Peer 1: 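This structure is in structure tokens; I'll ask about it shortly.
Start at 1 and go down the list; that is how both ligands and their atoms are numbered. Everything numeric here is computed off the predicted structure, so don't read it as measured data.
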Amino acid sequence: MAVRVGLIGAGIMGGDHARILASDVPGAELRHICDADQARARTVADALGIAHVTADPLQVINAADVDAVLIASPDATHAALTLAALAAKKPVLCEKPLAPTSADCRPVLDAEAKLGKRLVQTGFMRRFDPAYGDMKEAFTGGTIGKALMFHCFHRNVSAPDWFTPEMAITNSAPHEFDIARWLLGEEPVSIAAFQPRAVDPAKPGAPVLMVLETQGGKLVNIEVNVNAAYGYDVRGELVGEKGSITLRQPATTDVNVGLMQSQPYARDWRPRFAEAYRRQDQAWIRSIHTGVPVGADASDGYAATRIAEAGVAALKAGRPMAVTLGDRPK
Ligand code: ISE
């Protein structure tokens with residue numbers, strides 16, 4: 001039996017998830033698509049043969065022919081729509097962040113705990129990325145010995161028009177907050193945040209440099225520059241006592257011409273992490289068939305948002321802030 005999916009959001013991520021579910025995920029059937037922009041939703045539906053188009057997300061979540069919900073609407077809607085999916089007792093893959101504030105995440109954790117069953121997967125797709133997976137396998141296999149530092153660069157071409165100055169920390173950096181927790185297996189205990197005085201901090205996407213310290217005394221430095229201009233560029237290097245492991249940019253060709261060798265950068269995260277999204281969505285549907293949850297859960301979504309809140313506070317205060325992840329229900 002196929003898992004019948006209701007998709008909420010037909011924008012940059014909703015459209016990509018629709019394409020992935022329709023073409024790369026055996027065992028999934030996309031039945032409903034919802035977006036406030038009906039024309040946009042209709043365009044995706046017509047291209048992929050999706051039966052139902054609506055502007056009402058609750059109609060999708062509660063539809064009798066929807067078994068599972070994928071939320072790819074604006075960040076501020078994520079928690080409320082996830083709560084509605086939990087109320088309908090339907091598995092939900094919610095794009096990151098779970099919510100822009102930890103206060104909005106909390107009811108999701110409590111509602112799921114009350115159900116006594118894990119139904120929420122938070123869309124930290126880098127956990128499914130082959131390169132990060134190889135990095136974690138090498139590290140846990142002892143290749144580089146004890147981890148000391150994790151260097152992260154997260155660069156976008158340019159900030160979208162809906163991007164606010166804080167979103168470098170609350171919208172982009174949660175990927176690094178989550179992948180660092182997943183990779184190191186440790187929680188951060190403090191975060192410091194800086195911005196170059198050469199930039200206008202009020203400019204959406206102004207660069208932010210953060211340094212986290214973990215329970216075990218490891219350092220994670222994260223540069224987020226959403227106006228990098230030259231390309232979409234995500235880098236990582238895990239440094240240990242015996243060596244380091246560096247992410248390689250996925251490339252299929254080198255172009256050799258005019259005494260130069262070059263490789264293209266992706267324009268945005270979709271091609272850069274295409275395999276991660278594919279594997280994430282396939283694993284989600286497989287988990288619904290098997291009943292064995294996978295990937296980041298609601299508690300991971302809460303943790304990433306808590307770290308982001310501390311990062312925003314640290315930037316404003318001009319000093320390191322403690323990261324407290326509180327008591328999270330199992
Ligand atoms: C976006 O929401 C993502 O998830 C991308 O991975 C990230 O690079 C981008 O900055 C975010 O806005």
Peer 1: Can Leu184 be reached from Ile307 by stepping across I, L, V, M, F, W or Y side chains whose heavy atoms are under 4.5 Å apart?
Peer 2: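 Cluster IDs for Ile307 and Leu184 match.
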
Peer 1: Does a donor on one side chain and an acceptor on the other come within less than 3.5 Å for Glu95 and His17?
Peer 2: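 Yes.
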
Peer 1: Looking only at distances, please establish whether an N/O atom of ligand 1 is found under 3.5 Å from an N/O atom of Tyr232.
Peer 2: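 Yes: some nitrogen or oxygen of Tyr232 is under 3.5 Å from one in ligand 1.
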
Peer 1: Ignoring hydrogens and angles, state whether a donor on the side chain of Gln249 or Asp233 is under 3.5 Å from an acceptor on the partner side chain.
Peer 2: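 Short answer, yes.
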
Peer 1: Among all protein non-hydrogen atoms, which one is nearest to atom 4 (O) of ligand 1, and what is the separation to 0.1 Å?
Peer 2: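 Scanning the protein heavy atoms, the shortest distance from atom 4 (O) of ligand 1 goes to His175 NE2, 2.7 Å.
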
Peer 1: Any heavy atom of His154 closer to ligand 1 than 4.0 angstrom?
Peer 2: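 Checking ligand 1 against His154, which is what was asked, there is a heavy-atom contact under 4.0 Å.
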
Peer 1: Which residue holds the protein heavy atom closest to atom 2 (O) of ligand 1, what is that atom called, and what is the gap in Å?
Peer 2: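 Sorting protein heavy atoms by distance from atom 2 (O) of ligand 1 puts Lys96 NZ, 2.9 Å first.
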
Peer 1: Whether Arg181 and Glu187 form a salt bridge (side-chain N of Lys/Arg under 4.0 Å from carboxylate O of Asp/Glu) is what I want to check.
Peer 2: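 Yes, charged N to carboxylate O under 4.0 Å.
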
Peer 1: Are any of the N/O atoms in Asn171 less than 3.5 Å from those in ligand 1?
Peer 2: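 By distance alone, the answer is yes.
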
Peer 1: Give me the residue, atom name and distance of the protein heavy atom closest to atom 10 (O) of ligand 1.
Peer 2: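 Protein heavy atom at minimum distance: Ser172 OG, 2.7 Å.
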
Peer 1: Give the residue, atom name and distance (to 0.1 Å) of the protein heavy atom nearest atom 9 (C) of ligand 1.
Peer 2: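 Going atom by atom, the protein heavy atom closest to atom 9 (C) of ligand 1 ends up being Asn156 ND2, 3.4 Å.
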
Peer 1: Looking only at side chains, do Tyr230 and Arg155 share a donor and an acceptor under 3.5 Å apart?
Peer 2: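 Yes, because at least one side-chain N or O of Tyr230 sits under 3.5 Å from a partner of the opposite role on Arg155.
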
